[in-house]
Amino acid sequence: MRCSKFNRSSCFNGCFELDQLFSPFLFAVNLLAIVILSRGNCGLSKCVTHYLVAMAAANLMIVMTDVILRWLIVYFPVSFLDITPVCSLVTMLIISTTEISVWFTVIFTFDRFVAICCQKLKTKYCTEKTARVIIGAVPVLSCLESIPWFFRFLAQYIFNNLERFCITKPEYYTSVLWAAYEILHHLLTPLLPFVLLFLLNTLTVRHILIANRARRRLQEDSDRESPSDPEMDKRRKSIILLFTISGSFILLWTTQVTCFLYQRIAFMSDSFTPSPTASTIGYLLQLLITCTNTCIYTVTQRTF
């Protein structure tokens, strides 16, 4: 469902074999994070806990829709999942859950930016009520934005008056409207998150560095020598954490975005055939993002 029109079965099989290797780990990591964080014993505020649980839940949904449903399609080739509307719905769910996971990461990063850099706004924004509203709104908006993907497919054949299997409509590869929508979709996920994550983390790191300089000056003025400053160590770890998150997100999505641009040019010009290997690698790296942020945000917490 996510492969190009060229050599589609080869790409699907490659993706499926990689899923088998990584999906148990991805499922376990996110499920474990949800269970531990939901207990509320990690020393985190309720606002932060809600965001982390939402991120892990969104990542778990990706594994369930993009991996487990794919397994069912392979092991049970004749099932209700082959019905064209169901197949189209599964594709829409896969795309929307990925988008939800990405934007939860951005929103949590913004929450940390406000908590560190905007003390006046912190008391109003970084609250449990705000977190619940945002966590409820993101899935709704993502599902609405993903609705056009439901109409990308048509039935491969009709059996007993029932449409079976999904094939991409021919106009998808040549239509200007589809091209514009797909470009808009990739701008929203992941190009805009790229920019926002980089900008927010850069501003947060800048604020931390300025605060560190002020703290050093105060220590020098008071003639106090401390071989180890716990506050400085905490801020240093925060900088490493923020850059790790931004770097992993950008690296894991770069291949997928490059592959999309390469395929879209090929579809529109029909001048060369894109390789399914690039799609498979990009898909795997994108799937790994479902556990990297969960690991980075939660496992780095001592109490967790």
Should we say atom [atom1] of [X] is surrounded by more than 12 heavy atoms from elsewhere, each under 6.0 Å from it?
X	atom1	answer
F194	CZ	yes
F80	CZ	no
K169	NZ	yes

Quick one: pull up [atom1] in [X] and [atom2] in [Y] and give me the separation to the nearest 0.5 Å.
X	Y	atom1	atom2	answer
S146	L89	OG	CG	11.0 Å
T105	I100	OG1	CD1	12.0 Å
F153	T168	CZ	OG1	4.5 Å
L191	L184	CG	CG	10.5 Å
F113	T109	CZ	OG1	11.5 Å
S88	L154	OG	CG	8.5 Å

Heavy-atom pair of closest approach, residues [X] and [Y]:
X	Y	answer
A56	A33	CB-CB, 4.2 Å
T49	L37	CG2-O, 3.4 Å
A58	S101	CB-CA, 3.9 Å
C47	D111	SG-OD1, 3.5 Å
I107	Y51	CG2-CE2, 3.6 Å

- Stepwise, does the side chain to side chain contact (heavy atoms under 4.5 Å, CB included) test hold for Y125 with K120? CA-CA 9 Å; Y125 181 81; K120 293 183 179 179; over 6 Å; no
Please tell me if the side chains of [X] and [Y] come closer than 4.5 Å, counting only heavy atoms from C-beta onward.
X	Y	answer
T202	R206	no
F108	H50	no
L69	M64	no
T91	F150	no
L81	V86	yes
W253	V102	yes
V106	L197	yes
F104	P139	yes

When you group the ILVMFWY residues by side-chain heavy-atom contacts below 4.5 Å and let the links chain together, are [Y] and [X] in the same group?
X	Y	result
L199	F110	yes
L93	M61	no
V133	V48	no
M92	V63	no
L187	L192	yes

Hey, does the side chain of [X] reach the backbone of [Y] with a donor-acceptor pair shorter than 3.5 angstrom?
X	Y	result
H207	L203	no
T98	I94	yes
S175	Y172	no
T127	T123	no
T84	F165	yes
N59	M55	yes

- Message: What verdict does the side chain to side chain contact (heavy atoms under 4.5 Å, CB included) test give for R164 and I83, after you've listed the backbone C-alpha separation in whole Å, the side-chain angles of each residue and the deciding distance to 0.1 Å?
- Response: CA-CA 5 Å; R164 308 288 298 189; I83 300 174; 3.6 Å; yes
- What's the verdict on side chain to side chain contact (heavy atoms under 4.5 Å, CB included) for T130 and K124, showing C-alpha distance, side-chain angles and the deciding distance? CA-CA 8 Å; T130 301; K124 296 181 179 180; over 6 Å; no
- Between E182 and W149, is a side chain to side chain contact (heavy atoms under 4.5 Å, CB included) present by the stated rule, with each step listed? CA-CA 9 Å; E182 193 167 15; W149 294 108; 3.9 Å; yes
- Task: Applying side chain to side chain contact (heavy atoms under 4.5 Å, CB included) between L32 and each of V29, I36, I34, report the one that passes.
- Result: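 The option that passes is I36.
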